[in-house]
Amino acid sequence: MSFTTSIISWNSSENNRSMPWKGAKDPYKIWLSEIILQQTRVAQGLPYYEKFIQNFPTIFDLANAEDQFVFKLWEGLGYYNRCRNLLFTARYIVENYDGIFPKNYEQIIELKGIGPYTAAAIASFAFQLPYAVLDGNVYRVLSRYFGIETPSDSPEGEKIFAKLAQDNLDKKKPGVYNQAIMDFGATICLPAIPKCNQCILSKDCTALALGLINKLPIKEKILKKKTRYFTWFVFRVNDQIFIQQRRAKDIWENLYEFFLVESEGKPNWENKSVNEWLENQFKQHPKELEISPVLSQQLTHQKIFAQFIQISLDRMPVQLPKANWLNIKNLTHFGFPKLCKEFIEQNF
DNA sequence: AAGTCGGGGTG
DNA sequence: CACCCAGACTT
């Protein structure tokens, strides 16, 4: 039995993975689910999908929404440029296609936030077009079954896997096949400990025969991690709090935060030095001052150490933009990085 | 072609 | 702790 036939067979006999958008024909819902699920586990993305569909049942609702509200709904999901591109593309489709999702692959992949994987997913799920998806699951399944030792994250590997994926696509039912191979990778051909003993493809699996299961797929890129030290000053004047939006090309772009000072070494803010710093910066002493313990967060490429310093002042420092002061009760309307979000939940 | 973008699950 | 997840964009 061919690989393709086996995957289809497994799907009809053993695959019982269910997802709310599975079998959906509305390209808007398929697109939304695919953007949310980029580099994100289904279980993690699911509640966000539900929230978005509830708040934005159609692409027009999303296009008409305020940025800040959409980012608030995305808060905690990570990779925030996905959210920015989602909004941009919703508005683009409303403007240029009367809100009707384009139906051919070339137009789909042209859209912001949609790359080869997402374009193939939309084209095959929504329009039954013969484009093979290539995601982390597919790389793993193909590399093991066919014994491909070329690194899947190299330019050469990407070409080999793209051709292999397309060659094995079931052109008559591309949507069903694409869904099936990803479900297979997510439930049977698992990354660390695959369920080879209950895999109906195991007798033809090259990696299993050669003892390469725990080596494939091969990845060559090495993850570089850097450590950063953030001190967030939570300035407060009566019930007004200072916040700012992150704009630089950096982590958490477009989210909000408190006044940030980043330092090279480990931050060590004693009361005295904060007082001096405030005096130098703003010619004011704090009325009250509270320093949090040093918190940390592990990101994919960065380790963040962070400390919050709450400072009550008599008046707003003229150096800080007046428009950035916000009533405390409106803090919940803005999307914050996880560290700030947790700080807010614990302190306000 | 290489770097960068989050947060959570898993072994 | 390291690795991975329905990847895409920037330089």
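So that the names make sense, note that chain A is the first sequence line, chain B the second, and so on, each numbered from 1.
- Mapping Lys338(A) and Glu220(A) onto DNA chain B via the closest heavy atom, the residue that lands nearer the 5' end is Glu220(A).
- Residues Arg17(A) and Asp183(A) are paired through a salt bridge, judged by an N-O separation under 4.0 Å between the basic side chain and the carboxylate.
- With hydrogens and angles left out, the side-chain atoms of Gln68(A) and Tyr256(A) include no donor and acceptor closer than 3.5 Å.
- Residue contacts for Asp250(A): at a heavy-atom cut-off of 4.0 Å it reaches the sugar-phosphate backbone alone, with no base atom in range.
- Across every non-hydrogen atom of Ala180(A) and Ile7(A), the tightest pair is CB-CG2, 3.7 Å.
- Each of Leu255(A) and Lys224(A) has a nearest nucleotide on DNA chain B; the 5'-most of these lies closest to Lys224(A).
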Fill in the blank from the handout: Scoring nucleotides 6-11 of chain C by protein non-hydrogen atoms under 4.0 Å (B base, S sugar-phosphate only, - none) yields BBSS-S
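- A nucleotide of DNA chain B counts as in contact with chain A when one of its atoms lies under 4.0 Å from a heavy atom; the first and last such, 5' to 3', are dA1(B) to dG11(B).
- Checked against the 6.0 Å centroid threshold, Trp277(A) and Phe233(A) count as a close aromatic pair.
- In this structure, NE2 of His301(A) is placed 13 Å from P of dC4(C), rounded to the nearest angstrom.
- Between the CD1 atom of Ile193(A) and the P atom of dC3(C) there is a distance of 16 Å, rounded to whole Å.
- For the segment residues 45-57 of chain A, the set of residues with a heavy atom within less than 4.0 Å of an atom of DNA chain C is empty.
- The side chain to side chain donor-acceptor pair (under 3.5 Å) analysis of residues 323-343 of chain A, with sequence neighbours excluded, yields the pairs Asp239(A)-Asn327(A), Lys341(A)-Glu345(A).
- No continuous path of ILVMFWY side-chain contacts below 4.5 Å connects Tyr79(A) to Leu299(A), so the two sit in separate hydrophobic clusters.
- Not counting sequence neighbours, the partners of Tyr145(A) by the ring-ring contact (aromatic ring centres under 6.0 Å, His included) test are Phe3(A).
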Exercise for the section: Check the pair Glu75(A), Lys72(A) against salt bridge (Lys or Arg N to Asp or Glu O under 4.0 Å), reporting the backbone distance first and the verdict last. Expected result: CA-CA 5 Å; Glu75(A) 183 185 50; Lys72(A) 178 63 187 179; 2.9 Å; yes
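- The six-membered or imidazole ring of Phe336(A) lies away from that of Phe343(A), with a centre-to-centre distance of 6.0 Å or more.
- Between the CD1 atom of Ile35(A) and the P atom of dC5(C) there is a distance of 18 Å, rounded to whole Å.
- Taking the ring centre of Tyr48(A) as origin, the terminal cationic atom of Lys51(A) falls inside the region bounded by 6.0 Å and 45° from the ring axis.
- Straight-line distance between the C1' atoms of dA6(C) and dG3(B): roughly 23 Å, to the nearest whole Å.
- Judged as a ring-ring contact (aromatic ring centres under 6.0 Å, His included), and not counting sequence neighbours, Tyr28(A) has no contacts.
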